[in-house]
*Asks:* 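Here you go, one structure.
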Amino acid sequence: MKRARQDHPRRYFIETWGCQMNAHDSEKLAGSLERQGYVPAASAEDADVILLNTCSIREKAVEKVFSEVGRLRPVKGRRPGTILGVCGCVAQQEGEKIYRRAPEVDLVVGPRATASIPEMIARIDGGDPTARHAVDTEYRDDSIRFPFDAIRREGLHTRKAFVTVIEGCNHRCTFCVVPNTRGREVCREMDEILDEIRSLTSQGVCEVEFLGQTVNAYRDSQRRNLADLLEATAGVDGVRRIRFTTSHPAQMTDRLMDAMASARPQVCPYLHLPAQSGSSTVLRAMRRGYDREGYLAKVEGLRSRIPEISLGTDMIVGFPGESDGDFEETIALLDEVEFDTVYSFVYSARPETTALDLDDPTPAAVKQERLARLQAHQRALQERRNRRWIGREVEVLVEGPSKRGEGKWTGRTPEYRIVNFRGPSAPGRMETLRIVDSGPFSLRGELTRGLS
Ligand code: SAM
């Protein structure tokens, strides 16, 4: 059955789960819809097309998607013409199964096939009975060209933009679904990336963050790598800050570390370098391609070149077979490296990953205790580390009002420290602040001079 024509432009709403990559995928999705004449809706309840852009890195994320589909069921009940789509990694991983569990979903589209969404919706509108409940999970290599048309409303407001440089992942970490959901690596051409950056700076953007599941595996058809890209980007007029995420320790080369040091101050002195564990035994079982000593050597390489660098990491506790001794090595690594930020997770068994075959005798309660201990340990460490900022002058790029309200603003230093402060300001401003107080997760500053 064909759908009736509407008297207003089609409105879309995208809900996003997961990391920066998913946030940027949603910006690209918005671009593809707006090119077709769609306009953003204020909420899912007001939208003609609702897209859930999902993450499947841990089990809870999948459950959250199904519970959100349930929450949206009455919206579809009230407005039967509403189209509900599941996109992103859960779509790729679950495919047809989503319809069996949630028949109210109309389309399922994987992360490398999102460009096909407007066409799929047009087919549903045209009454094509095969279009509703269609699945598109093809890995399209040209999906990497898509970001050029991303809609970056928030980013332009805050003068920060994500730029995808590489898609997919060629590693085979035994715990990780990413190679299954996002496919093998494809890279953009460096010249095209630089064109996009020039276009962004002409719109006021001053901070760019390069994105990729393994961003430091970037290499274009002329063999130009991330180090070349950092150096070239530092030379683009208007670029004041460059970040990149996520880096794999095994691909943290001397050449890249040299470029991080030489392309300063534009390249920020911050690196997110997921260790995953402090135990070489566990790292081997995870198939990470480095051991504890190898990881520490990368940290040493970075700190010898950039002494003030801030480091962030990810840690998984309760990986199958992780002993008390292995876990103690993870705690010891926190002390040895003194990370500034740690994202920590309990291991979550994921479909079609090889860690599923490993014995996992550790009770769930023990894993939760380990996580709580790691987080308390790191919190105390961060509290100490953040105190050394008191009295220093820092430059922050203002992101917006602080979550705590009270007329406060929040911004980030080049080292990725969050600083809250009071005073006249606005998103996208660079402010100079003196740090007057600190906590485990943020700093408090005062403006040293009025508006900049
Ligand atoms: N590609 C990056 C890498 O391998 O370093 C990170 C990708 S993932 C989006 C972010 C983090 O989620 C990982 O660094 C890891 O700590 C965590 N993670 C991934 N798979 C997981 C699993 N099965 N269970 C628990 N945490 C997981």
Side-chain angles (χ1 to χ4, degrees), residues 16-25 53-64 88-90 92-93 111 162 164-186 209-218 226 243-252 256 271-279 282-283 285-290 294-295 298-299 311-322 327 330 333-334 339 341-358 360 362 364 367-368 370-371 374-375 378:
T16 310
W17 281 268
C19 60
Q20 292 99 319
M21 262 149 273
N22 268 26
H24 187 41
D25 284 349
N53 188 13
T54 63
C55 164
S56 65
I57 204 81
R58 282 169 294 277
E59 201 173 4
K60 273 198 198 127
V62 181
E63 287 314 309
K64 271 203 242 162
C89 292
V90 172
Q92 187 76 30
Q93 180 189 293
F162 295 128
T164 305
V165 301
I166 175 170
E167 280 267 8
C169 182
N170 288 359
H171 287 274
R172 280 278 159 201
C173 302
T174 55
F175 55 83
C176 190
V177 283
V178 168
N180 305 341
T181 57
R182 288 187 175 263
R184 290 186 66 75
E185 289 166 0
V186 278
E209 181 160 357
F210 294 130
L211 297 183
Q213 287 297 334
T214 308
V215 70
N216 52 342
Y218 172 76
L226 186 63
R243 305 186 188 279
F244 52 97
T245 200
T246 305
S247 297
H248 194 291
Q251 281 159 299
M252 214 51 228
L256 179 54
L271 188 70
H272 185 69
L273 195 64
Q276 312 298 4
S277 171
S279 151
V282 174
L283 289 170
M286 289 177 164
R287 215 185 290 143
R288 286 290 286 176
Y290 54 88
Y295 186 86
K298 301 294 175 182
V299 170
L311 294 173
T313 201
D314 295 342
M315 290 292 188
I316 297 178
V317 303
F319 184 76
E322 181 192 66
F327 175 66
T330 296
L333 191 75
L334 301 184
F339 294 104
T341 317
V342 175
Y343 299 93
S344 49
F345 317 96
V346 168
Y347 166 74
S348 166
R350 308 309 298 124
E352 291 171 49
T353 54
T354 48
L356 286 176
D357 302 332
L358 301 174
D360 193 4
T362 311
K367 295 185 179 193
Q368 286 300 338
R370 286 182 189 165
L371 182 70
L374 184 153
Q375 291 179 341
Q378 178 61 23

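We count ligands from 1, going down the list as the structure has it; atoms in each ligand are counted the same way.
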*Asks:* Among Met315, His248, Arg288, whose side-chain contact (heavy atoms from CB on, under 4.5 Å) with Pro274 holds?
*Replies:* Arg288
*Asks:* If I compare all heavy atoms of Val177 with all of Pro351, which pair ends up nearest, and what's the gap?
*Replies:* CG1-O, 4.1 Å
*Asks:* List the protein residues in contact with ligand 1, where contact means a heavy-atom separation under 4.0 angstrom.
*Replies:* Ile57, Arg58, Phe175, Gln213, Thr246, Pro274, Gln276, Arg288, Asp314, Ile316, Phe345, Val346, Tyr347, Ser348, Arg350
*Asks:* Asp360: which residues meet the salt bridge (Lys or Arg N to Asp or Glu O under 4.0 Å) condition with it, sequence neighbours left out?
*Replies:* Lys367
*Asks:* Specify whether Tyr295 and Tyr290 have parallel, tilted or perpendicular ring planes, treating 30° as the upper limit for parallel and 60° as the lower limit for perpendicular.
*Replies:* tilted
*Asks:* Decide if atom CD of Glu63 counts as having more than 12 heavy atoms of other residues, nucleotides or ligands within a radius under 6.0 Å.
*Replies:* yes
*Asks:* Which heavy atom of Leu273 sits nearest a heavy atom of Lys298, and at what distance?
*Replies:* CD2-CB, 4.3 Å
